[in-house]
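The model shown is predicted, which means the values in this text are computed figures rather than measured ones.
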Amino acid sequence: MAASEFDIHTHTIASGHASTATITDMAKAAVSRNLKLLGISDHGPATLGGGRPSYFRNLSYAPRKRLGVEMLYGAEVNILDENGSLDLEDPILAHLDYVIASIHKPVKKPGTKEENTRTYLNAMKNPYVTIIGHCDDVKYPVDYLAIVRAAMEQQILLEINNSSLSPDGYRGDTRFNDLMILNLCRHFHYPILLSSDSHGTKHVGDFTYAQELLKKADFPKSLVLNNSASEFQAFLQKRKDDETD
């Protein structure tokens, strides 16, 4: 398995739970794991203790390089309802490098397969959503074919979340759901993103369980964006260019 060059689903003390790490602490962890690129994606305000809108506004002034590591600044926003409403407004999202949209149980309760699928599909219509986070949660059954097709149409990435696959993960046994995502993306030749979802420094750049699943799925290395930071940045730039057209 090729060495991963970046991790962009990480959380600092600004996410309000299970992390006391600063952005600089996270950058130090990225250096120790030989990452070229680090993304900070703290939780939106609907998460208990999550970042306030002012925090995300100020990220545009944050340094673009820390300790030699290139930095991106995004957010993991909460999907609030079936309409796909998000907990940060579009003018804030527009100035972030990327946006992960996720469902979290304390914010939105699980629905039927049809309701959960509709929730994701509506969130994906937001032009600033770049990534759908951990849509493998067994409590939120979805139509993965519909999700992957919408991701391809909207040029949105689906992540394989290492935290979900951890034996002590709280989203249930997500392996079958993640294999569904991998098999569909392989079929359509559409890239995926590996994410640590590290809350603090401990798991920055750790994709151990996700990479084990990639091997099981015989997933092509060429479709794993983490193998090339430059390819991922090109993807983000194309998205930005499309937004302004």
Side-chain angles (χ1 to χ4, degrees), residues 2-16 18-19 21-44 47 50-51 55-78 86-88 92-102 104 126 128-135 151 155-164 191-207 210-211 224-240 243:
S4 296
E5 294 190 351
F6 67 87
D7 185 5
I8 56 103
H9 189 159
T10 71
H11 298 276
T12 74
I13 191 171
S15 282
S19 174
T22 66
I23 295 177
T24 299
D25 292 333
M26 302 295 275
K28 289 178 181 177
V31 170
S32 71
R33 282 137 209 183
N34 299 313
L35 297 182
K36 294 181 178 180
L37 176 70
L38 175 68
I40 303 297
S41 55
D42 284 309
H43 285 295
T47 297
Y55 166 75
F56 293 101
R57 288 192 192 98
N58 287 329
L59 286 176
S60 59
Y61 302 104
R64 284 289 156 185
K65 188 165 281 195
R66 293 177 188 257
L67 307 174
V69 177
E70 289 189 65
M71 300 295 300
L72 296 176
Y73 301 98
E76 184 180 14
V77 296
N78 289 282
L86 307 175
D87 63 344
L88 287 174
I92 296 176
L93 301 181
H95 291 286
L96 296 174
D97 293 321
Y98 62 97
V99 176
I100 303 171
S102 305
H104 295 100
N126 185 300
Y128 302 113
V129 170
T130 324
I131 300 151
I132 292 295
H134 51 72
C135 64
Q155 287 295 292
I156 290 172
L157 297 173
L158 302 178
E159 69 169 17
I160 301 299
N161 188 295
N162 196 72
S163 178
S164 292
I192 55 95
L193 187 72
L194 304 183
S195 297
S196 71
D197 202 354
S198 185
H199 286 65
T201 61
K202 185 176 181 180
H203 298 292
V204 171
D206 182 2
F207 308 124
Q211 287 174 332
V224 182
L225 280 180
N226 302 71
N227 296 335
S228 174
S230 60
E231 186 176 343
F232 176 65
Q233 288 172 301
F235 171 87
L236 292 182
Q237 187 58 53
K238 184 178 184 303
R239 288 269 321 205
K240 290 288 185 182
E243 288 169 15

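- The backbone N or O of A14 lies less than 3.5 Å from a partner atom in the side chain of T12, making a donor-acceptor pair.
- The side-chain heavy atoms of S4 and Q211, taken from C-beta on, include a pair separated by under 4.5 Å.
- A pairwise comparison of heavy atoms in S41 and Y98 identifies CB-OH, 3.6 Å as the closest pair.
- The backbone N or O of V77 sits nowhere less than 3.5 Å from a side-chain atom of D87 that would complete a donor-acceptor pair.
- Counting only heavy atoms from C-beta outward, the side chains of P191 and F232 never approach each other to under 4.5 Å.
- Looking at I156, I100, I8, V99 one by one, the single match for side chain to side chain contact (heavy atoms under 4.5 Å, CB included) with T130 turns out to be V99.
- Rounded to the nearest 0.5 Å, atoms CG (N58) and OH (Y73) are 12.5 Å apart.
- Side-chain atoms of E5 and L37, non-hydrogen and from C-beta on, never get closer than 4.5 Å to each other.
- With values rounded to the nearest 0.5 angstrom, I40 atom CD1 is found 5.5 Å from I23 atom CD1.
- Here the CG-OG distance, from D206 to S198, works out to 8.0 Å after rounding to the nearest 0.5 Å.
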**Prompt:** Stepwise, does the side-chain hydrogen bond (donor to acceptor under 3.5 Å, both in side chains) test hold for T47 with N78?
**Reply:** CA-CA 7 Å; T47 297; N78 289 282; 3.0 Å; yes

**Item:** I192 vs L157, side chain to side chain contact (heavy atoms under 4.5 Å, CB included): CA-CA, chis, key distance, verdict
**Value:** CA-CA 6 Å; I192 55 95; L157 297 173; over 6 Å; no

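- Annotation: H134 is in aromatic contact with H104 [ring centroid separation under 6.0 Å].
- Contact record, L158 with C135: CD2-SG, 4.5 Å, taken as the closest heavy-atom pair.
- Counting only heavy atoms from C-beta outward, the side chains of F56 and H95 never approach each other to under 4.5 Å.
- Residues S230 and F6 are not in side-chain contact: their nearest non-hydrogen atoms beyond the backbone lie 4.5 Å or more apart.
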**Message:** Could you walk me through whether M71 and R64 satisfy the side chain to side chain contact (heavy atoms under 4.5 Å, CB included) test, starting with their C-alpha distance in whole Å, then the side-chain angles of each, then the deciding distance to 0.1 Å, before giving a yes or no?
**Reply:** CA-CA 5 Å; M71 300 295 300; R64 284 289 156 185; 5.7 Å; no

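- Panel note: side chain R66, backbone D25; no donor-acceptor pair is recorded below 3.5 Å.
- One N or O on the side chain of N226 and one on the backbone of L194 form a donor-acceptor pair closer than 3.5 Å.
- Side-chain contact between L96 and Y128: absent, with no pair of heavy atoms (C-beta onward) separated by less than 4.5 Å.
- R33 places a side-chain N or O within 3.5 Å of a backbone atom of V204 that can act as its donor or acceptor partner.
- Between atom OG of residue S15 and atom CD1 of residue I13 there is a gap of 10.0 Å, rounded to the nearest 0.5 Å.
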**Request:** May I have the step-by-step check of side chain to side chain contact (heavy atoms under 4.5 Å, CB included) for L72 and L236, ending in yes or no?
**Result:** CA-CA 11 Å; L72 296 176; L236 292 182; 3.7 Å; yes

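- With S102 as the fixed residue, the side-chain hydrogen bond (donor to acceptor under 3.5 Å, both in side chains) test singles out one of H9, E76, E159: E76.
- Rounded to the nearest 0.5 Å, atoms CG (D97) and CD (Q237) are 10.0 Å apart.
- The NZ atom of K28 sits 10.5 Å away from the OG1 atom of T201 when rounded to the nearest 0.5 Å.
- Taking 4.5 Å as the limit, some side-chain heavy atom of L86 sits within range of a side-chain heavy atom of V129.
- No side-chain heavy atom of Y55 sits less than 4.5 Å from a side-chain heavy atom of I92.
- Between S196 and the options N162, D7, T10, a side-chain hydrogen bond (donor to acceptor under 3.5 Å, both in side chains) holds for only D7.
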